[in-house]
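Okay, structure first, notes after.
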Amino acid sequence: MRTATTASAPGAPRSRAAALLTASHPGPAAAVTTVTALLAVDADRPARTVVLVAAAVFTGQLTVGWVNDLVDAGRDRRVGRTDKPLASGALTARPVVVALAVAGLACVVLSLAAGWRSGAVHLVLGVGSAQAYNLVLKATWFSWLPYAVAFGTLPAVASLAGPGPAWPPWWTTAAGAALGVGAHVLNALPDLADDARTGVRGLPHRLGERAARPLAAALLLAASLLAALGPTGHPAAWVWGALVLVVALAAVAATARGRTPFRAAMAIALLDVVLLVAAG
């Protein structure tokens, strides 16, 4: 077993707290939380409800990230992932498990405090599907399904919370699902070779990079068109300008390397929600 001294390896965090934060996948967690909070604002939820929904989603995302790194620790170690604290030895499993238990309990309490309908959707379809990906579906043809369900139900988590719960329009669910699958494909691309070495063969791996990249770009564009055209069918002039920016980001997602395509997908997600909120 590697000792904690390996934390000084390139890309490794330098303290236990930093390592724990890194293992939670803070970037995606923050992006998904922000998207859901904006959706709650768009659904005219009270300020207290917006805070509860955001906190519930954030703690849920923490559990997803930590379970992901716990499950993948062995595979990450075999391919030399020095950016993964559990694989590099910068972090042991015990503090992750403790943090996971605390975040899981907080997620349940906060989700139900936001409203039982919203809580049920978030816990079962949101967090539940994400954990199904971590534990079962990641290496199968159905690796895309948890992303479609989790992202597709984010609008419902927001609109079903607090007083006057209501189901969101169908196009917001469709936009979320398309965005989620596109993000999944892009997130997998940098790890295709490492995943192949460790037996992970989800949808992006089976499609191959040449087919996966244009598919992801098309899904991101479809999500943005639904967000722009769904509210009125006749968007304002500035919306078309925003769609031009989406096209540029989708082009980055389709051509860039490393983690840049996934970051472009998260930027498109935030822009889509801004379109929804502005449409009111």
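FYI, the numbering just counts along the sequence from 1. Because the structure is a prediction, the values reported are computed rather than measured.
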Kindly list each side-chain donor-acceptor pair under 3.5 angstrom involving residues 100-107, sequence neighbours excluded, with atom names and distances?
none

What donor-acceptor contacts under 3.5 angstrom involve side-chain atoms of residues 270-278, with partners at least two apart or in another chain?
from, atom 1, to, atom 2, distance (Å)
D272, OD1, S224, OG, 2.8
D272, OD2, S224, OG, 3.4

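Heavy atoms only, all atoms of each residue included: D83 and P85 are closest at O-CD, 3.5 Å. The minimum heavy-atom distance linking T140 with V136 is given by the pair CG2-O, 3.7 Å. In terms of heavy atoms, Q61 sits closest to A29 at CB-CB, 3.7 Å. Closest non-hydrogen pair, T49 versus A114, comes out as CG2-O, 4.5 Å. A pairwise comparison of heavy atoms in A223 and A175 identifies CB-O, 3.4 Å as the closest pair.
Between atom OG1 of residue T63 and atom CZ of residue F58 there is a gap of 11.0 Å, rounded to the nearest 0.5 Å. Residue S24 holds its OG atom at 5.0 Å from CG of L62, rounded to the nearest 0.5 Å. The line from CG of L160 to NE2 of H122 is 12.5 Å long, rounded to the nearest 0.5 Å. Atom CG of D44 and atom CG of D42 lie 7.5 Å apart (nearest 0.5 Å). Atom-to-atom distance recorded for F151:CZ and S129:OG is 10.0 Å, nearest 0.5 angstrom. Distance check, rounded to the nearest 0.5 Å: CG of L203 to CG of L145 gives 11.0 Å.
T173 pairs by the side-chain contact (heavy atoms from CB on, under 4.5 Å) definition with P168, not counting sequence neighbours. Residues satisfying the side-chain hydrogen bond (donor to acceptor under 3.5 Å, both in side chains) test with S118, not counting sequence neighbours, are none. Partners of F262 under the ring pair (Phe, Tyr, Trp, His ring centres under 6.0 Å) rule, at least two apart in sequence or in another chain, do not exist in this structure. Applying the side-chain contact (heavy atoms from CB on, under 4.5 Å) rule to W170 yields the partners A174, L226; only residues at least two apart in sequence or on another chain are considered. Considering only residues two or more places apart in sequence or on other chains, A31 meets the side-chain contact (heavy atoms from CB on, under 4.5 Å) condition with M266. With sequence neighbours excluded, the residues that form a side-chain hydrogen bond (donor to acceptor under 3.5 Å, both in side chains) with D72 are R75, K138. By the salt bridge (charged side-chain N to carboxylate O under 4.0 Å, His left out) test, R257 is found to be paired with E209, residues two or more places apart in sequence or in another chain being considered. In terms of the ring pair (Phe, Tyr, Trp, His ring centres under 6.0 Å) criterion, residue partners of Y147 (sequence neighbours excluded) are, by chain and number, Y133, H184. Considering only residues two or more places apart in sequence or on other chains, R78 meets the salt bridge (charged side-chain N to carboxylate O under 4.0 Å, His left out) condition with none of them.
Side-chain atoms of L219 and L179, non-hydrogen and from C-beta on, never get closer than 4.5 Å to each other. The shortest distance between side-chain heavy atoms of P165 and S159 does not fall below 4.5 Å. At least one side-chain heavy atom of T34 sits less than 4.5 Å from a side-chain heavy atom of L38. For the pair V64/H25, no side-chain contact is recorded, criterion being any heavy-atom separation below 4.5 Å from C-beta on. Put simply, the side chain of W66 does not reach to within 4.5 Å of the side chain of V71, judged on heavy atoms.
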Could you walk me through whether D194 and R81 satisfy the side chain to side chain contact (heavy atoms under 4.5 Å, CB included) test, starting with their C-alpha distance in whole Å, then the side-chain angles of each, then the deciding distance to 0.1 Å, before giving a yes or no? CA-CA 9 Å; D194 286 347; R81 290 289 298 269; 4.2 Å; yes

In sequence, state the C-alpha distance, the side-chain angles, and the governing distance for V247 and L221, and then conclude on side chain to side chain contact (heavy atoms under 4.5 Å, CB included). CA-CA 7 Å; V247 171; L221 288 172; 3.9 Å; yes

Given side chain to side chain contact (heavy atoms under 4.5 Å, CB included), test V157 with L39 step by step and report yes or no. CA-CA 9 Å; V157 172; L39 287 170; over 6 Å; no

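The backbone N or O of A156 sits nowhere less than 3.5 Å from a side-chain atom of T153 that would complete a donor-acceptor pair. Looking at R45, its side chain never comes within 3.5 Å of a backbone N or O of V53 through a donor-acceptor pair. Listed for the D76 side chain is no donor-acceptor partner under 3.5 Å among the backbone atoms of D69. Counting only distance, with no hydrogens or angles, the side chain of W144 and the backbone of P204 share no donor-acceptor pair below 3.5 Å. Distance alone, capped at 3.5 Å, is enough to place a donor-acceptor pair between the T59 side chain and the A55 backbone. Here the side chain of T260 pairs no donor or acceptor atom with the backbone of A256 at under 3.5 angstrom. In this structure a side-chain-to-backbone donor-acceptor pair under 3.5 Å is present from R77 to L86. With hydrogens and angles disregarded, no donor-acceptor distance shorter than 3.5 Å links the side chain of S143 to the backbone of A139. Counting only distance, with no hydrogens or angles, the side chain of R117 and the backbone of A161 share no donor-acceptor pair below 3.5 Å.
L220 and V252 are not part of a single hydrophobic cluster, where members link through side-chain heavy atoms under 4.5 Å apart. Note: the hydrophobic cluster containing V67 does not contain V200 (ILVMFWY, side chain heavy atoms under 4.5 Å, direct or indirect links). A single hydrophobic cluster is seen to contain both L125 and V57, as judged by linkage of ILVMFWY side chains at heavy-atom distances under 4.5 Å, directly or through other members. If you chain together hydrophobic residues whose side chains sit under 4.5 Å apart, L137 and L135 fall into the same group. In this structure, V109 is not a member of the same hydrophobic cluster as L112, with clusters built from ILVMFWY side-chain heavy atoms closer than 4.5 Å.
Residues in residues 125-134 take part in no salt bridge (Lys or Arg N to Asp or Glu O under 4.0 Å) pair, two or more places apart or across chains.
Classification of R201 and D195 as a salt-bridged pair fails, no side-chain N sitting under 4.0 Å from a carboxylate O.
With a 6.0 Å radius and a threshold of 12 heavy atoms from other residues, nucleotides or ligands, R259 has its CZ atom above the threshold.
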